[in-house]
Amino acid sequence: LLGLISHEYFHTWNVKRLKPVEFAPYDYTQENYTRMLWFFEGFTSYYDDQFLLRTSLIDAKTYIRLLSKTINQVQATPGRHQYSVAQASFDAWTRYYRPDENTANATVSYYTKGSLVGLCLDLSLRQCPAEGKATPSLDGVMLRLWQLDRPIEEADIAQALQAEAPGGPPAWTGVRSWAELLQTWVHGTDELPLQSLLGAAGVHWISKPAPLAQRLGVRLGDAGGSLKVQAVMRHSVAESTGLSASDELIALDGWRLRKSDDLALWHHEHQAQSLLICRDQAMLTLTLPVLAAHAQSGQPKGTSGETIALTLAENLDAQTAQRRHQWLKS
Ligand SMILES: [Zn+2]
């Protein structure tokens with residue numbers, strides 16, 4: 001709840017005062033389209049937890065735990081391979097606010113992924129030379145945008161980034177200007193360089209196998225004692241097995257399934273199993289393939305088969321320690 005209050009409070013600045021040109025003036029009588037919700041909602045989402053940290057309502061450990069949750073949410077969304085946050089923003093009225101069983105495949109959240117774009121920009125800026133004043137950061141960019149005192153568009157964000165760090169993005173990004181970097185992260189679908197950026201900020205990234213349902217690429221619900229498929233992820237094992245949304249999972253190798261946990265209980269890593277399901281009152285037997293072999297077959301990955309955890313790294317060199325201290329006060 002604190003996060004929500006912090007989020008909505010920050011909107012007083014970001015959206016009410018700073019707003020996209022498309023929202024000026026805002027016409028409340030119809031749907032308003034903008035490609036910039038990754039900034040207005042995403043960056044607000046980045047700052048909501050940042051403010052809880054800065055006001056000491058949460059500590060750095062809690063902060064990076066919240067961050068790992070956001071990262072895992074995005075990694076579990078196959079739609080990120082098809083949709084950029086700019087597209088997701090533009091389609092908010094037709095997709096994000098009208099979710100169905102295909103939403104995870106068909107879009108990506110401009111809140112969560114937008115906040116990670118904010119994080120990546122902030123950490124990249126913090127790698128840039130200080131040039132006589134304070135270390136560049138996203139705070140400085142927000143301040144520059146604020147000082148424009150007018151509705152903004154993407155070019156304004158690129159200019160504010162350039163003014164904050166005139167030398168351009170760090171060399172490892174492979175691009176020369178912040179505008180190009182925005183193009184890649186905001187309008188592209190490549191994975192964000194989260195692991196390396198967090199590493200350079202003294203945060204350790206640990207990956208481990210995701211829960212079984214995520215590795216299968218399926219979202220399940222088990223209300224009322226029956227286990228039902230809510231969504232099937234694109235390019236997943238569940239998809240190639242032939243599962244569809246609203247199928248009821250009845251039994252695995254003859255063992256009754258009623259709760260999500262039952263699936264892991266009867267699941268076998270190293271052999272194919274028969275899966276009895278009920279679809280539109282008809283019983284069907286599907287074959288669940290060996291998961292391990294599937295992971296190596298190299299087909300395009302929809303959801304990530306891994307979840308990550310973040311920890312504060314120890315024994316940092318002086319530069320990394322200072323960078324983390326400026327970012328996390330820890
Ligand atoms: Zn919001």
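By convention here, the first residue in the shown sequence is residue 1. No hydrogens, no waters, no symmetry mates; every other heavy atom, side chains included, goes into these values. Note that ligands are numbered from 1 as they come in the structure, with each ligand's atoms numbered from 1 the same way.
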Note to self: Between Q159 and R144, do the side chains contain a donor N or O and an acceptor N or O under 3.5 Å apart?
What the structure shows: no
Check: Looking at the Zn ion (ligand 1), which N/O/S atom of E41 is the nearest one?
Finding: OE1
Note to self: How wide is the angle at the Zn ion (ligand 1) spanned by H11 NE2 and H7 NE2, rounded to 10 degrees?
What the structure shows: 100°
Next item on the list: Please report the shortest heavy-atom distance between G217 and A238, naming the atom on each side.
Entry: O-CB, 3.7 Å
Item checked: Set of residues satisfying side chain to side chain contact (heavy atoms under 4.5 Å, CB included) with respect to T135, sequence neighbours excluded -> Q326
Notebook entry, point to check: Any donor-acceptor pair under 3.5 Å linking the side chain of T320 with the backbone of L316?
Noted result: no
Item checked: Presence of N, O or S from E8 under 2.8 Å of the Zn ion (ligand 1) -> no
